[in-house]
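Residue indices begin at 1 and follow the sequence shown.
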Amino acid sequence: MRIELCGGMGSGKTTLALALEKKFHNYIAVLEAFSNAGFFSEFYDDIHSYAYETSITCLLYHLHRVKVFERQGMMMICDFSLEQDWAYAKNNLNSQEWQSFLFVYEEAIRQIQPPDLIVFLDCPEEVLLSRIKTRGRKYENSIDVKYIQNIISVLEGHLEICKYPVFKLNSFQYDFRNSQEISKILMELPEEYHFFH
């Protein structure tokens, strides 16, 4: 069982994953946990110059994280999605780089089980930008609303046609740190996605 969370930077993916892990002890939150990697500073300073290696690295790192816990038979809530890696790459890479990335992506998804559910955390771009500024990661200072809008537009378009079940959640109206709010979210899920117990 694997649930992947995706959405814009600052949409609450990590907070929700940890909240669900706390509420349902049979799930483990699988976190990205490499945001301090040195190349992110260079990437956000010059996205197109460093987009290729960043896209490939993120994809392979996420693949590895899933494979480790999948082999242990763990029920996962990931604060990342390989489909979001697809969207970042599609937005950031030139046509030649994209073809190379797509080859690796297709092999990556072949090596693991498909996600049982992708939860898209929908949040206004202005709110995301405010949250990004508030969390104070220096390498994110150059991010603007247009870049966030582009990523989200590509991601939403991809999720509309992807072969996995997708649930859209308005993350702006919930406080993921509040257990009662988490219960409200779970009530929103269609019956076929009631994985939690």
Side-chain angles (χ1 to χ4, degrees), residues 1-35 54-93 98 101-123 128 148 151-171 174 176 182-197:
M1 175 69 67
R2 183 172 88 252
I3 297 168
E4 295 182 353
L5 307 180
C6 65
M9 292 173 284
S11 59
K13 297 182 292 291
T14 301
T15 304
L16 179 56
L18 291 170
L20 290 171
E21 178 189 53
K22 184 177 180 180
K23 190 172 183 67
F24 301 99
H25 301 294
N26 53 335
Y27 280 84
I28 184 168
V30 182
L31 307 181
E32 195 169 60
F34 78 135
S35 60
T54 303
S55 298
I56 294 289
T57 299
C58 289
L59 174 67
L60 294 180
Y61 180 81
H62 294 152
L63 169 65
H64 177 73
R65 295 287 284 165
V66 169
K67 286 175 80 172
V68 167
F69 291 100
E70 187 175 271
R71 289 189 174 192
Q72 297 174 19
M74 303 295 290
M75 299 172 70
M76 294 172 267
I77 305 162
C78 302
D79 74 343
F80 55 83
S81 173
L82 274 67
E83 303 316 301
Q84 184 149 336
D85 294 331
W86 186 101
Y88 270 94
K90 183 66 174 174
N91 185 72
N92 294 334
L93 301 181
W98 167 248
F101 173 88
L102 195 57
F103 178 82
V104 179
Y105 163 82
E106 289 173 351
E107 177 59 26
I109 62 173
R110 187 192 67 79
Q111 292 196 11
I112 55 177
Q113 295 296 317
D116 295 276
L117 178 65
I118 295 175
V119 179
F120 172 66
L121 303 183
D122 189 24
C123 190
L128 295 176
I148 295 172
I151 293 292
I152 292 174
S153 176
V154 173
L155 176 59
E156 286 191 290
H158 179 56
L159 293 178
E160 286 177 3
I161 61 172
C162 83
K163 57 187 175 182
Y164 311 122
V166 177
F167 176 71
K168 188 173 184 178
L169 176 68
N170 185 341
S171 68
Y174 292 106
F176 295 152
I182 298 298
S183 297
K184 290 179 184 178
I185 291 169
L186 296 173
M187 291 175 63
E188 277 195 40
L189 284 172
E191 189 173 341
E192 63 266 32
Y193 302 145
H194 285 185
F195 306 126
F196 300 101
H197 53 80

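Between V30 and V68, the closest side-chain pair of non-hydrogen atoms is not below 4.5 Å. Looking at heavy atoms from C-beta onward, L121 lies in side-chain contact with K13 at the 4.5 angstrom threshold. Looking at heavy atoms from C-beta onward, Y105 lies in side-chain contact with E83 at the 4.5 angstrom threshold. By the 4.5 Å heavy-atom criterion applied to side chains, W86 and L102 are counted as neighbours. Looking at F176 and T14, their side chains never come closer than 4.5 Å, going by heavy atoms from C-beta outward. Between S55 and L59 there is no side-chain heavy-atom pair separated by less than 4.5 Å. Between D85 and L63, every side-chain heavy-atom pair lies at or beyond the 4.5 Å cut-off. Residues L16 and L169 have side chains in contact (heavy-atom distance under 4.5 Å, counting atoms from C-beta outward).
Judged purely by atom type and a 3.5 angstrom limit, H62 uses its side chain to pair as donor or acceptor with the backbone of C58. Proximity of a side-chain donor or acceptor of R65 to a complementary backbone N or O of E32 within less than 3.5 Å is not detected. Put simply, the side chain of S11 never gets that close to the backbone of C123: no donor and acceptor are under 3.5 Å apart. Within the 3.5 Å criterion, the main-chain N or O of L5 finds no donor-acceptor partner in the side chain of S81.
Nearest heavy-atom pair across L155 and Q84 is CD2-OE1, 3.7 Å.
One finds no salt bridge joining E70 and K67 here, because no Lys/Arg side-chain nitrogen approaches an Asp/Glu carboxylate oxygen to under 4.0 Å.
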Requested in this report: Starting from the C-alpha separation in whole Å, work towards a yes-or-no answer on side-chain contact (heavy atoms from CB on, under 4.5 Å) for F69 and I28.
Outcome: CA-CA 9 Å; F69 291 100; I28 184 168; 3.6 Å; yes
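Atom CE of residue M74 and atom CZ of residue R2 lie 14.5 Å apart, to the nearest 0.5 angstrom.
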